[in-house]
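Only one structure is covered here, and it is reproduced in the block below.
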Amino acid sequence: MTPSLSIEESRPLAAEFFKKIGLLTGGGDCPGLNAAIRAVVRRAHQLGIGVFAVYEGFKGLVEGNVAPFPLRQASGILHVGGTILRSSRFNPFKSKENLQALRQEVKKRGLQGLVVIGGEGSLRLACDLTRKKIVRCIGIPKTIDNDVYGTDVTIGFQTAVNTATEAVDKLHTTAESHNVVMVVEVMGRHTGWIAASAGLAGGADLILMPEKRLNEESIRRIILNRHARGKKFSIVVVAEDARVVNNRGRVVVSMPTSRDDYGPIKSSGVGEGVARLIRRLTGFETRVVVLGHVQRGGSPTPEDRILATRFGVLAAELAAKNKWNRMTAIRNGKILSVPLNTVTGRIKKVDPGLYRLANYFFG
Ligand code: F6P
């Protein structure tokens with residue numbers, strides 16, 4: 001079970017801390033968040049910085065759900081998935097009152113800045129809070145989607161790819177035993193990083209992802225060619241936001257969306273659309289597996305634990321040196337920091353070379 005912080009147990013931060021910062025996790029959870037939390041708290045403590053735990057993302061800062069983060073509670077969590085700080089998708093800019101409450105909480109706690117462990121959305125909020133001089137932030141990029149611009153890899157991505165690859169491996173045996181086309185729908189928001197990586201690692205016979213729109217005819221040809229070679233099954237990996245077009249370029253399969261009072265709701269289901277299409281185009285029995293939130297769970301891989309630790313340590317060091325408005329990043333194996341405002345408002349798409357590589361093995 002995930003150990004959680006207890007507000008009652010926590011004692012006020014010692015007076016000798018020369019600086020105080022808040023620490024939060026925002027957006028969807030992923031493996032490796034606790035490893036990053038541990039690293040920030042441990043390194044900050046060594047540098048004389050007191051850390052306040054902000055619960056449930058920016059919502060916690062607005063609602064005053066904030067408490068000192070004692071060192072001992074950053075212990076025993078390195079290998080645990082999820083986030084002991086909990087998380088939410090909450091935008092404090094949506095109301096003036098919320099923004100005012102956030103400002104007051106920062107002042108009340110005497111926070112000189114925030115470390116925000118988040119994906120594209122939370123990092124954008126961190127950037128806006130810094131730019132509007134509400135509170136200065138340092139970002140740590142995390143998301144299974146790996147779509148944060150400015151870093152080669154985000155925390156959580158490598159574990160999600162492991163999980164998805166393992167699923168593809170397992171589905172291979174059933175597909176082969178029963179002569180079926182197996183469509184595996186993976187997450188990834190508007191990019192196909194998980195699809196391309198797990199598809200490549202799992203030997204997918206076709207990968208569909210947002211960066212590469214395929215038409216019905218190519219899909220039909222790839223599957224039929226494979227079966228003409230004597231193969232009796234296929235594995236098709238589909239990213240949740242992939243689209244298929246017909247010969248006139250009109251989208252015939254895409255993620256189903258509906259609306260409620262808060263706006264559009266995206267849902268899984270593109271895999272089902274692709275499966276229907278394959279059945280119609282080829283006549284082969286086609287089954288669908290939606291991996292869903294399984295991809296966000298589990299214990300982080302060693303790569304994610306190490307990446308999260310490197311990012312967390314750097315974030316604490318940046319805070320000690322008053323280097324705000326930065327995001328930790330990894331580029332070509334080197335850990336560094338980049339200005340937050342240069343990476344937000346855009347997403348990192350899949351390198352076409354990765355897709356080309358996978359493409360050699362299609363059909
Ligand atoms: O950003 C992580 C992610 O898991 C995406 O891959 C997916 O589109 C989305 O979050 C799902 O979000 P929710 O859990 O809010 O449905």
Donor-acceptor pair, side chain of [X] and main chain of [Y], under 3.5 angstrom:
| X | Y | value |
| --- | --- | --- |
| R213 | M209 | no |
| Q295 | M187 | yes |
| K20 | G113 | no |
| N146 | F157 | no |
| R296 | G82 | no |
| T25 | L85 | no |
| S88 | E56 | yes |

Under a 4.0 Å threshold between the charged nitrogen and the carboxylate oxygen, would [Y] count as salt-bridged to [X]?
| X | Y | result |
| --- | --- | --- |
| D147 | K348 | no |
| K349 | D351 | no |
| E166 | K170 | yes |
| R331 | D152 | no |
| E120 | R189 | yes |

Can you confirm whether more than 12 heavy atoms, excluding those of [X], are under 6.0 Å from its [atom1] atom?
| X | atom1 | value |
| --- | --- | --- |
| K19 | NZ | yes |
| R248 | CZ | no |
| K133 | NZ | no |

Contacts of R356 that satisfy side chain to side chain contact (heavy atoms under 4.5 Å, CB included) - sequence neighbours left out: P352

[atom1]-[atom2] distance between [X] and [Y], expressed to the nearest 0.5 angstrom:
| X | Y | atom1 | atom2 | answer |
| --- | --- | --- | --- | --- |
| L33 | T83 | CG | OG1 | 5.5 Å |
| I194 | I207 | CD1 | CD1 | 12.5 Å |
| I330 | F311 | CD1 | CZ | 6.0 Å |
| I138 | L318 | CD1 | CG | 5.0 Å |
| L224 | I219 | CG | CD1 | 11.5 Å |
| W193 | I347 | CH2 | CD1 | 11.0 Å |

Sequence neighbours excluded, every pair satisfying ring-ring contact (aromatic ring centres under 6.0 Å, His included) that has a member inside residues 77-131: none

Salt bridge (Lys or Arg N to Asp or Glu O under 4.0 Å) against D304, all qualifying residues, sequence neighbours excluded: none

Close side-chain approach of I140 and V116, heavy atoms under 4.5 Å: no

Residue pair I21 / L111, side-chain heavy-atom distance below 4.5 Å: no

Residue pairs, two or more places apart or on separate chains, that pass side-chain hydrogen bond (donor to acceptor under 3.5 Å, both in side chains) and touch residues 273-294: E216-R280

Does the side chain of [X] come under 3.5 Å of the side chain of [Y] through a donor N or O and an acceptor N or O?
| X | Y | result |
| --- | --- | --- |
| R42 | S75 | no |
| N162 | T165 | no |
| N359 | K212 | no |
| S337 | R326 | yes |
| T130 | R136 | no |

Ring centers of F233, H178 separated by less than 6.0 Å: no

Verdict with supporting geometry, L23 and L114, side chain to side chain contact (heavy atoms under 4.5 Å, CB included): CA-CA 6 Å; L23 174 62; L114 286 183; over 6 Å; no

H45 and F17: CA distance, side-chain angles, deciding distance, side chain to side chain contact (heavy atoms under 4.5 Å, CB included) verdict: CA-CA 8 Å; H45 198 269; F17 287 125; 3.5 Å; yes

Closest heavy-atom pair and its distance - A35, A308: CB-CB, 3.7 Å

Distance-minimising heavy-atom pair for L354 and V350: CD2-CG1, 4.1 Å

Partner set under ring pair (Phe, Tyr, Trp, His ring centres under 6.0 Å) for Y149, not counting sequence neighbours: none

Plane angle bin for H227 and F284 - parallel if under 30°, tilted between 30 and 60°, otherwise perpendicular: parallel

Verdict with supporting geometry, R43 and E317, salt bridge (charged side-chain N to carboxylate O under 4.0 Å, His left out): CA-CA 8 Å; R43 186 68 184 123; E317 290 173 351; 2.7 Å; yes

Members sharing V245's hydrophobic cluster (side chains within less than 4.5 Å): V251

Hydrophobic cluster membership, L78 vs I37, 4.5 Å side-chain cutoff: no

